[in-house]
Amino acid sequence: MTAAALDWAGDQMCVTLTRDLDPAEVFTRYGADPARSRLLDADAAASLTTGQFAAGTVSLLRSGRLGEWTFCVEEDGVIGSWPELLAVLSRGTETYSVLSTEGLAVFQHWRDGECWENFEPGLEHPQPGHPSPWWDRVQEALTGHGDSGMAPVVALVLDHLGLTLDDATLAAPWPTLTLAEDDAPSAPRGDSYAGEGPVPPGAIEIL
């Protein structure tokens with residue numbers, strides 16, 4: 001899989017990948033009512049009203065099952081990077097989260113409510129002081145890709161999990177809904193997402 005096939009992942013998005021949950025359960029853990037979801041393709045989903053309003057930010061969520069994993073692609077929001085949400089989403093399973101929005105890029109890996117890795121990739125950020133087996137892989141994936149944002153990192157995770165979620169796949173009809181930030185599990189703890197959440201365990205094995 002190449003980053004060229006992942007234009008959707010270049011910027012202004014957050015994607016989570018969670019093992020062994022169906023889209024309805026993923027929506028529920030995000031704080032959304034899965035009964036509100038509709039099967040929409042990318043063009044139809046783009047017509048839904050999202051963005052920042054006086055009442056807060058509304059995200060567009062599109063979710064679907066790919067083998068053992070369920071993706072949730074978020075536009076116009078960052079809910080999928082909040083530690084509170086990821087603790088809930090990964091409960092009893094594991095979740096990867098990749099965020100790229102407004103100059104902020106974050107990679108996270110959570111298992112059963114605990115944060116195993118959480119860092120902002122890029123040469124301007126130091127390597128985490130705790131064990132971080134994804135750090136070198138993410139840095140290498142970003143090398144030489146210029147303005148492609150976090151698409152190479154999304155491609156890296158998808159390849160690791162054996163999944164295809166390219167532009168053509170995401171353009172197909174998938175369960176879709178909108179979600180206000182106030183309806184998510186809770187507000188984020190601060191302006192920076194790196195290093196938040198529980199301290200990662202001392203020994204980590206990439207699965």
Side-chain angles (χ1 to χ4, degrees), residues 9 12-38 45 50 52 55-101 104-120 128 130 132 134 150 153-154 157-158 160-161 163 165 174-201 204-207:
Q12 301 300 313
M13 67 85 207
C14 185
V15 59
T16 58
L17 295 153
T18 305
R19 186 198 297 268
D20 291 335
L21 296 182
D22 60 29
E25 178 62 21
V26 167
F27 282 149
T28 298
R29 296 192 184 196
Y30 265 76
D33 179 0
R36 292 179 44 243
S37 69
R38 292 183 287 161
T50 60
Q52 294 182 343
T57 299
V58 176
S59 298
L60 173 68
L61 303 182
R62 304 187 70 224
S63 184
R65 185 86 179 241
L66 299 171
E68 295 182 345
W69 296 82
T70 293
F71 68 85
C72 188
V73 174
E74 177 181 0
E75 299 178 15
D76 291 324
V78 297
I79 295 169
S81 69
W82 291 359
E84 292 85 355
L85 177 279
L86 291 171
V88 173
L89 189 58
S90 66
R91 187 179 63 242
T93 182
E94 65 176 316
T95 300
Y96 291 90
S97 170
V98 180
L99 169 72
S100 179
T101 181
L104 179 65
V106 182
F107 171 91
Q108 299 185 67
H109 182 203
W110 287 66
R111 290 185 193 163
D112 199 17
E114 294 188 355
C115 180
W116 287 66
E117 294 189 64
N118 184 349
F119 57 83
E120 296 179 47
H130 50 73
S132 185
W134 276 92
M150 289 288 276
V153 179
V154 174
V157 176
L158 291 172
H160 175 73
L161 301 179
L163 305 178
L165 186 57
W174 294 103
T176 302
L177 50 73
T178 57
L179 176 67
E181 285 189 354
D182 287 347
D183 293 330
S186 65
R189 294 193 179 102
D191 294 331
S192 175
Y193 296 85
E196 293 180 351
V199 176
I204 302 174
E205 177 185 1
I206 297 178
L207 295 179

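Along the sequence shown, the residues carry numbers beginning at 1.
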side-chain hydrogen bond (donor to acceptor under 3.5 Å, both in side chains) evaluation trace for T16 with Y30:
CA-CA 11 Å; T16 58; Y30 265 76; 2.8 Å; yes
Let's go through Y96 and E117 carefully: what are the C-alpha distance in whole Å and the side-chain angles of both, what is the deciding distance for side-chain contact (heavy atoms from CB on, under 4.5 Å) to 0.1 Å, and is it a yes or a no?
CA-CA 9 Å; Y96 291 90; E117 294 189 64; over 6 Å; no
Using the rule given for side-chain contact (heavy atoms from CB on, under 4.5 Å), can you reason through F27 versus S37, listing the C-alpha separation, both sets of side-chain angles and the distance that settles it, and then say yes or no?
CA-CA 9 Å; F27 282 149; S37 69; 3.8 Å; yes
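Formation of a donor-acceptor pair under 3.5 Å by the T176 side chain with backbone atoms of W174 is found in this model. Using a distance-only test at 3.5 Å, with no hydrogens or angles considered, a donor-acceptor pair links the side chain of T70 to the main chain of L21. Checking side-chain atoms of T93 against main-chain N and O of R19 turns up a donor-acceptor pair under 3.5 Å. Looking only at distances, no side-chain donor or acceptor of E120 sits under 3.5 Å from a matching main-chain atom of L104. Although no hydrogens or angles enter the test, the distance criterion places a donor-acceptor pair under 3.5 Å between the side chain of S63 and the main chain of F71. The closest donor-acceptor contact from the side chain of Q12 to the backbone of D76 lies at 3.5 Å or more, if one exists at all. Under a 3.5 Å cut-off, the side chain of R29 and the backbone N or O of G31 do not form any donor-acceptor pair.
Under 3.5 Å, the side chains of E114 and W116 contain no donor-acceptor pair of N or O atoms. In the model, T18 has a side-chain atom that pairs as donor or acceptor with a side-chain atom of T95 under 3.5 Å.
Within a 6.0 Å sphere centred on CZ of R36, heavy atoms belonging to other residues, nucleotides or ligands number more than 12.
Minimum heavy-atom separation, L86 to G80: CD2-O, 3.4 Å. Across every non-hydrogen atom of D112 and G92, the tightest pair is OD1-N, 2.7 Å. G64 and P23 get closest at one heavy-atom pair: CA-CG, 3.8 Å. Taking each heavy atom of C14 and L99 in turn, the nearest pair found is CB-CD1, 3.8 Å. Taking both residues in full, the closest heavy atoms of S59 and I79 are given as OG-CD1, 3.9 Å, listed atom of the first, atom of the second, then distance. Considering all non-hydrogen atoms of both residues, T50 and V58 come closest at CB-O, 3.3 Å.
Between V106 and V98, every side-chain heavy-atom pair lies at or beyond the 4.5 Å cut-off. Looking at heavy atoms from C-beta onward, L61 lies out of side-chain contact with T178 at the 4.5 angstrom threshold. Considering only heavy atoms from C-beta on, M13 stays 4.5 Å or farther from T101 through its side chain. Residues L165 and L163 form no side-chain contact, since every pair of their non-hydrogen atoms from C-beta on lies 4.5 Å or further apart. Here the side chains of R62 and P175 are not in contact, with every heavy-atom distance at 4.5 Å or above.
Annotation: the span from H109 atom NE2 to S97 atom OG amounts to 11.0 Å, rounded to 0.5 Å. Note: L158 CG to L17 CG = 6.0 Å, rounded to the nearest 0.5 Å. T28 contributes atom OG1, which lies 7.0 Å from atom CG of D33 (distance to the nearest 0.5 angstrom). To the nearest 0.5 angstrom, E68 atom CD is 5.5 Å from D20 atom CG. How far CG of L89 is from SG of C72: 8.0 Å, rounded to the nearest 0.5 Å.
The aromatic rings of W134 and F107 are tilted relative to each other, their planes meeting at an angle between 30° and 60°.
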